[in-house]
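In this text the structure is predicted, and so the values were computed from the model without any measurement. Remember, it's 1-based here, ligands and their atoms both numbered in the order they're listed.
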Amino acid sequence: MNIRINENFKNINQSYLFSEIARRVNSYSTENPLAKVIRLGIGDVTLPLPASVINAMRAAVDEMADQATFRGYSPEHGYDFVREAVVRHYSRFSVSVSQDEIFVSDGAKSDIGNIVDILGNNRILIPDPVYPVYVDSNVMSGRKISYIPAGEENGFLPMPSEIDGDADGSVVYMCSPNNPTGAVYSAEQLAEWVAFAKKTGSLIIFDSAYEAFIGEEKNLPHTIYEIPGAKECAIEICSLSKTAGFTGTRCGWTVVPAELEASGLKLSAMWERRQATKFNGVPYVIQRAAEAALGDEGRQECMENINYYMKNAEMISSLMREKGIFFTGGENSPYIWLKCPNGMDSWKFFDYLLGEANVVGTPGAGFGKCGEGYFRLTSFGDRESTAEAVERLRKLL
Ligand code: MLT
């Protein structure tokens, strides 16, 4: 063909991290059909949707079956009933956001990937290791990335003082509780980031997809807007995937505060415009499900599921303690981020666990250079498989 393509695609890994893992596991399973593989790789939930969510979906399906209550196109930024539910959700943390600052979406991944559409050529600061979508979406659009190393020395929580060079007008990506390391910023640390962003005129893109995993008794921020001044410098992207088991159901939201303005344009107006052109909203049935998940009963049920996963996390963490293997996470986070034993590199350790124990995890190197030598296990499996995986690892490690 004679067309020009987006040459930036030549600069990203040939396949997406979790697609690559799935490919390797499928090929292993084909060659070893009797192997009982346990997947603790991608953070995909295994418990069914909470009862109140299912009931809301059923009721919404009935509405769609009746001409009097049938709905066609949804408002592209979400029905008011979900936006109101998100407003109430933020009030749990004494944070006030208004309905028109909330944009309902089909999950955090899409919004993280798409937000680059409204941004120009800025310095992009991304912690390493990190959820690969921040990196890939910027590389696909031709942006250069400056990495902020995260490691044992800074508790996997890099701070603004560690940024090299001029950071004026940067776009900084943050995720807390962090994927993949499980590390969580304190309010004081986030306040330093907010002060940095305001001083340098930078924008923070804050991914709060794992907020619900923060232990109830922990005094840690669930949203960046708990930090005074954050609405003047941060967009927050959140998702029900992990909180409410919506990995296959798909619903999340992005908050673009009215205060954010650059070059004479409001970022919320730009995002509204972008979404109106390229996105047609989340299905009605799913938005009713999201409303239920965000309600008090739904949140209570979601927390029961999260407690179940956190017991899995505790089983994996205690094995790490027993074996003297360094790890972070497993607390305030569904992920256990461990150091590969005997100095093994992450993909080698992946092959070792798959081959010797038929357990799948995620190689740290897939999250960035600084992830080399580390490995991520998820606690989203069911109890029986997680217990079985722990037993196999106990024998192997
Ligand atoms: C993960 O395992 O890091 C996540 O499940 C991936 C995602 O949310 O896209």
**Message:** Parallel, tilted or perpendicular: which one describes the rings of F375 and F350, with boundaries at 30° and 60°?
**Reply:**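 Judged by the thresholds at 30° and 60°, the geometry between F375 and F350 is tilted.
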**Message:** Tell me whether the rings of W337 and Y374 are parallel (<30°), tilted (30 to 60°) or perpendicular (>60°).
**Reply:** parallel
**Message:** Looking at every non-hydrogen atom in both residues, tell me the closest pair between L40 and A389 and how far apart they are.
**Reply:**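 Taking L40 first and A389 second, the nearest heavy atoms are CD1-CB, 3.8 Å.
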**Sidechain-backbone polar pair: N342 side chain, M344 backbone, donor-acceptor under 3.5 Å** =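 The answer is no, because no donor-acceptor pair under 3.5 Å joins these two groups.
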Under 3.5 Å between any N/O of [X] and any N/O of ligand 1: does that happen in this structure?
| X | answer |
| --- | --- |
| N179 | yes |
| Y131 | yes |
| G43 | yes |

**Complete:** among protein heavy atoms, the one nearest atom 4 (C) of ligand 1 is K242 NZ, 3.2 Å
**Item:** Sub-4.0 Å atoms of ligand 1 with respect to non-hydrogen atoms of I42
**Value:**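 Near I42, meaning under 4.0 Å from one of its heavy atoms, ligand 1 has 2 (O), 5 (O).
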**Request:** Could you list the atoms of ligand 1 found under 4.0 angstrom from a heavy atom of F18?
**Result:**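 Near F18, meaning under 4.0 Å from one of its heavy atoms, ligand 1 has 1 (C), 2 (O), 3 (O), 6 (C).
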**Request:** State whether Y79 and R71 meet the cation-pi test: NZ (Lys) or CZ (Arg) under 6.0 Å from the six-membered ring centroid, and within 45° of the perpendicular axis.
**Result:** yes
**Request:** For ligand 1, note which part of Y335 has a heavy atom under 4.0 Å away: side chain, backbone, both or neither.
**Result:**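 Within the 4.0 Å criterion, Y335 contacts ligand 1 through side-chain atoms alone.
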**Prompt:** With ring centroids as reference points, do W253 and H89 lie under 6.0 angstrom apart?
**Reply:** yes
